[in-house]
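Below, chains carry the letters A, B, ... as their sequence lines are ordered, and counting in each starts from 1.
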Amino acid sequence: MTIYNEIITLLETAVKTVAADFKEKPFVWSSDKFFLTLPSNEKFGDYASNIAFFGAAFYGKSPRDLAKLIVDKLPRDKDLLEKVEVAGNGFINFFVAKKRVYEELKEILTTQNKYGQTAAGKGKNIQIEFVSANPTGPLHVGHGRGAATGDTLARIFNALGYTVQKEYYVNNIGNQMNILGRSVQARFAGKDIPDDGYKGDYIREIAEQIAADGRQMADENAFREYAIDTILGWIKKDLADFGVVFDNWFFENTLYEGKDLKKEITDTLNREYPTKTYEEDGAVFVKTTDFGDDKDRVIFRADGRPTYFASDIAYMINKFTGRKSPLDQVINIWGADHHGYVPRMEAVASMLAYKEKLKIILYQLVSLKRGKETVQMSTRSGEFVTLRQVLDEVGKDACRFFFLMRSPDSALDFDLELAKKHSSDNPVYYVQYAHARICSVFKEAVKNSLMLDAGSSKTETLNLLQEPEEMQLIKKLANFSKILADCARTYDPHWLTIYLQEVATVFHNFYTRHRIVTDNRELSLARLELIKATSIVLKDGLDLLGISAPSKM
RNA sequence: GCCCCCGUAGCUCAGUUGGAUAGAGCGGCGGUUUCCUAAACCGAAGAUCACAGGUUCGACUCCUGUCGGGGGCGCCA
């Protein structure tokens, strides 16, 4: 168990004991209130709890007095905690015993690349659907942010024991696809592309490819299918080069195969109460206003053709009822420009009684900068910056890191110049450099015949680590697992990018102040163990972000 | 008109379910290399947390309103 969780367990015991002492006033301590913060000021200890503030008013005591009661009931564990203090108005500050800190270091060295992983999500199935861009053109930078977010969340949930499935929903039917087909056909025939058509250079590219292949194209449909296949190929290649591989590609047209979708949707929605859909002017509406939407939505037009919303409902029904292993949670990652769609999708989820299982993450838009100049992006006009262009220019590592550096809620300014810079103001290189530095020290160590036996570090050796910078570094590494849990709880991977920068800072600081390879053989070995553990956490963290951990820079 | 996101140091941003003295990086200033990568480290300077109310023992955080920036609102996809 992590230090963090061990302290929580102790706190929980203490709080329950205190509550039992107030039999006539049984205050319900909700377990989600048992949290510890990581104080910025070290005089507040390694972990701090504000638990005493919650029951204070209820018991008519000051938080400080309640905190004292809790601390009195706290099981003593000298091997875990060196000191517990009540401070300020009622904070409980925990100072971790050195012995426990060394144990944690040993734990990292023993578990190696499994360190930080937990079984929190064991037996739970999560599906993350992301990117899902229409195959009407190459992916642009905005899709890159969705791809990085979804893929990294998938990796993190996986590390926490969940079974994760990554899915891409392909809109391969409908009007836009027909327009795509006609656009390619027109280009192929050397005619003007229709006004509502796609005009990007890639349309010409597809047309030229058809010509070069000497392919026979029967009709507009043939052009459409060819274009979709080609573009999907590009998308897959771009994603692969971006480090993203989907488990499942779900095609919209399969929703319609051999089915009467109108019947299926209305029957499913109206299973319990036949009030969820209605007809008006020949069209079929879903009564999403019953669940907070602004207006009811059409799913089948008067002429019988389905809207996109019909497909989306059918797709949702498929996710929740049509899969081999039932999904415990379905996560959708959308660009913020789709936010207007959230209420209607949540309304349908509510009708199906799956609201609790659906999580929609919106990420704000990306604006690309080159120096001070902002690059405008628009798919329709054909003038946009593709993910491919950015990948080619700044590389996968910088690209992913930049996308993951900010909370999805914040609009992202992506500075191409900064991402390319090989200097300290580029945070990607800062973190990677810490890893490379460690690898470099190990080369030096080998020259001095200093070698570590993997996983066989001795406690008496680790005990030699007494410097504040050394303790600080181990303690920082010990929070890796908590950070991953935070990312999962908030569906936000940016905590990890911040954390890795902090690990790098603490390491660089240690490195500058203390030599690792010295004449003192035992101390050198102890420090090598420490930086070995550091490199493990850095490497694992970067892996979760889909970023390489170079051994040389 | 309605909806969503944002407004924190000169600049770019952290600040996770409300908690202690609001933190980094960059830029600027001053230092650090006989020694494992200076793509690094240290120090001082720099903030009316957009503004005004409210809730609370406690608000950058929650609520209401105003202002400013961005995005979105179709029987389009």
Side-chain angles (χ1 to χ4, degrees), chain A residues 30 32-33 35 37 39-41 43-44 48-50 52-53 56-57 62-63 87-91 93 134 136 171 174-177 179 196 280-285 294-295 297-303 305-309 311 335-343 362-365 367 380 405-413 415 418 421-430 432-434 436-445 447-448 450 483 485-487 489-490 492 494-495 497-498 501-502 504-505 507-518 524 527-528 531 552-553:
Chain A
S30 86
D32 61 2
K33 294 293 184 196
F35 61 88
T37 55
S40 51
N41 190 327
K43 81 175 180 192
F44 297 139
S49 172
N50 58 0
F53 290 97
S62 73
N89 296 322
F91 284 94
N93 295 334
N134 289 357
T136 52
N171 298 114
N175 201 32
Q176 290 306 313
M177 294 307 128
I179 292 173
D196 61 353
E280 197 174 286
D281 303 330
V284 182
F285 285 75
D294 292 339
K295 51 180 288 194
R297 308 290 172 175
V298 173
I299 51 173
F300 288 92
R301 303 177 180 91
D303 62 10
R305 284 153 54 230
T307 63
Y308 254 55
F309 191 38
S311 293
D337 51 339
H338 289 81
H339 91 268
Y341 229 69
V342 174
L362 295 177
Y363 60 91
Q364 296 298 313
L365 300 186
S367 56
R380 287 301 184 86
M405 221 164 35
R406 309 258 174 268
S407 163
D409 275 348
S410 302
L412 181 69
D413 278 346
D415 188 341
L418 178 59
K421 239 170 158 176
H422 288 214
S423 71
S424 58
D425 47 352
N426 187 341
V428 195
Y429 289 99
Y430 183 77
Q432 289 182 321
Y433 180 57
R437 241 184 175 179
I438 291 171
C439 294
S440 168
V441 175
F442 272 98
K443 284 184 203 123
E444 182 69 18
K447 283 187 209 158
N448 291 269
L450 287 163
I483 298 298
D486 285 348
C487 290
R489 177 173 52 79
T490 58
D492 182 350
H494 96 282
W495 304 109
T497 60
I498 293 175
Q501 291 178 76
E502 288 170 2
T505 298
F507 165 74
H508 285 310
N509 185 28
F510 158 71
Y511 176 92
T512 312
R513 284 169 192 253
H514 304 286
R515 253 195 90 76
I516 294 157
V517 179
T518 65
S524 297
R527 286 184 173 162
L528 285 170
I531 66 168
K552 196 165 71 176
M553 284 173 78

Give the stems involving RNA chain B, where a stem is 3 or more consecutive Watson-Crick or G-U wobble pairs (i with j, i+1 with j-1, and so on) under 3.5 Å.
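Expected stems, ordered by start: B:1-7 with B:67-73, B:10-13 with B:23-26, B:29-32 with B:40-43, B:50-54 with B:62-66.
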All N/O contacts under 3.5 Å from nucleotides 9-16 of chain B to the protein, with atom names and distances to one decimal?
{"residue": "B:rC13", "atom": "O2'", "partner": "A:Arg406", "partner atom": "NH1", "Å": "2.7"}
{"residue": "B:rA14", "atom": "OP1", "partner": "A:Ser410", "partner atom": "OG", "Å": "2.9"}
{"residue": "B:rA14", "atom": "O3'", "partner": "A:His494", "partner atom": "NE2", "Å": "3.3"}
{"residue": "B:rG15", "atom": "OP1", "partner": "A:His494", "partner atom": "NE2", "Å": "3.1"}
{"residue": "B:rU16", "atom": "O2'", "partner": "A:Arg489", "partner atom": "NH1", "Å": "3.2"}
{"residue": "B:rU16", "atom": "O2", "partner": "A:Arg489", "partner atom": "NH2", "Å": "2.8"}
{"residue": "B:rU16", "atom": "N3", "partner": "A:Asp486", "partner atom": "OD2", "Å": "3.2"}

Using OP1 and OP2 only, check whether a side-chain N or O of A:Lys552 sits under 4.0 Å from B:rA39.
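Result: no.
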Can you tell me if A:Tyr430 touches the phosphate of B:rC26, counting only side-chain N or O atoms and a distance under 4.0 Å to OP1 or OP2?
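No, outside the criterion.
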Any donor-acceptor N/O pair under 3.5 Å between [N] base and [X] side chain:
X	N	value
A:Asp196	B:rA77	no
A:His508	B:rC41	no
A:His339	B:rG71	yes

Does some side-chain heavy atom of A:Gln364 sit less than 4.5 Å from a side-chain heavy atom of A:Leu412?
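No, side chains not in contact.
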Syn or anti for B:rU64, taking syn as within 90° of 0?
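B:rU64: anti.
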Counting any heavy atom closer than 4.0 Å, what does [X] reach on the DNA or RNA strands: base, sugar-phosphate only, or nothing?
X	value
A:Lys443	nothing
A:Ala445	nothing
A:Ala434	nothing
A:Phe300	nothing
A:Phe442	nothing
A:Asn89	nothing

Pick the nucleotide of RNA chain B nearest each of A:Thr518 and A:Asn134; which residue has the one closer to the 5' end?
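The answer here is A:Thr518.
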Anything under 3.5 Å between a protein N or O and an N or O of nucleotides 61-64 of chain B, put it in a table, one pair a line.
none

Determine if A:Phe44 stacks with B:rA20; use a centre-to-centre distance below 5.5 Å and an interplanar angle below 30° as the criteria.
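Stack criterion met.
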Candidate nucleotides B:rG71, B:rA38, B:rC75, ranked by approach to the side chain of A:Leu365 - the nearest
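Closest of the options to the side chain of A:Leu365: B:rG71.
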